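The next block holds one structure in the form of structure tokens; read it before the comments.
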Amino acid sequence: MAEVEFCSVWVHLASDLADCIELGLRSWASPKSALVDVRRRASGRTVAVTRPGVTRTASIVVLIEDRDHLEWLEGNLGRLVLVRSPRGQRVWGVFGQVDYSESRARSLPFSASLAIGEVTVSEVV
């Protein structure tokens, strides 16, 4: 019988999918949201101003068990990555920060969080 472990997440570099790391997964949340702004008019009425499309940000808390994994994440800040969860969720996106407590990072393992902004179209300018 096959056994599936639901405690890892894989982060692949989009330019080279073979370049990846496997990290322990603490939590994963990736809600979709619409870009909506509710504005009040001079008459007192409110109106919803929406922009087409939806956005998604995956908030992921991972377990760093090796300093090389932290260096890999920090070395690929701002680059397009593919993040896969064991439940089949996939997000193509970028992250700009690896957030962790400096005091707890002195000893391994420790938790770090990533906020991955989903990218649907990529352009180099």
Side-chain angles (χ1 to χ4, degrees):
M1 173 186 266
E3 188 173 302
V4 178
E5 203 170 297
F6 291 108
C7 60
S8 294
V9 65
W10 297 269
V11 183
H12 300 265
L13 197 56
S15 60
D16 179 13
L17 292 177
D19 186 7
C20 71
I21 57 173
E22 180 179 351
L23 302 169
L25 179 62
R26 296 283 188 175
S27 69
W28 176 296
S30 59
K32 289 187 177 186
S33 61
L35 298 170
V36 178
D37 186 22
V38 178
R39 297 180 185 170
R40 183 170 303 278
R41 299 288 185 199
S43 64
R45 294 184 179 176
T46 56
V47 62
V49 178
T50 60
R51 287 180 244 150
V54 295
T55 60
R56 180 167 69 158
T57 300
S59 299
I60 302 168
V61 178
V62 295
L63 185 66
I64 304 291
E65 297 176 349
D66 188 355
R67 294 270 176 221
D68 292 337
H69 291 161
L70 180 61
E71 288 177 14
W72 189 95
L73 288 170
E74 289 177 336
N76 290 305
L77 291 173
R79 297 185 67 190
L80 187 61
V81 294
L82 166 64
V83 183
R84 297 183 304 126
S85 81
R87 299 192 185 273
Q89 296 169 303
R90 298 191 315 165
V91 175
W92 292 89
V94 294
F95 60 96
Q97 180 179 356
V98 181
D99 191 24
Y100 59 93
S101 171
E102 288 288 339
S103 62
R104 293 189 180 171
R106 292 185 189 134
S107 62
L108 294 170
F110 62 91
S111 294
S113 63
L114 306 169
I116 303 186
E118 185 177 39
V119 174
T120 54
V121 176
S122 180
E123 292 182 7
V124 177
V125 290

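This is a predicted model, so every value here is computed, not measured. Residues: numbered from 1 along the sequence shown.
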If you look at every heavy atom in R56 and R90, which pair is closest and at what distance? NH2-O, 3.1 Å
Do I21 and D68 have side-chain heavy atoms sitting under 4.5 Å apart? no
Nearest-0.5 Å distance that lies between atom OG in S59 and atom CZ in F95: 13.5 Å
Calculate, to the nearest 0.5 Å, the distance between atoms OG and CG belonging to S15 and N76 respectively. 8.0 Å
So I116 and V11, side-chain contact (heavy atoms from CB on, under 4.5 Å) or not? Walk me through it. CA-CA 11 Å; I116 303 186; V11 183; 5.9 Å; no
At their closest point, which heavy atom of E74 faces which heavy atom of Y100, and how far apart are they? OE2-OH, 3.2 Å
Could you tell me whether the side chain of V83 reaches within less than 4.5 Å of the side chain of W28, counting heavy atoms only? yes
What are the two closest heavy atoms between P86 and C7, and how far apart are they? CG-N, 4.3 Å
Can you measure from CG (L23) to CD1 (I60) and round to the nearest 0.5 angstrom? 9.5 Å
Would you say V81 and L13 make side-chain contact, with heavy atoms under 4.5 Å? yes
Rounded to the nearest 0.5 Å, what separates atom CG in D66 from atom CD in E22? 12.5 Å
Would a hydrophobic clustering, with Ile, Leu, Val, Met, Phe, Trp and Tyr connected at side-chain separations under 4.5 Å, put L25 with V61? no
Residues P31 and A29: closest non-hydrogen pair is CD-C, 3.6 Å
Closest approach of W92 and A14, non-hydrogen atoms and distance? CZ3-CB, 3.7 Å
Here the gap from T46 atom OG1 to R39 atom CZ, rounded to the nearest 0.5 Å, amounts to 12.5 Å
Heavy atoms of G96 and L77 approach each other most closely as C-CD2, 3.8 Å
What's the spacing between L108 CG and L63 CG if we round to 0.5 Å? 9.0 Å
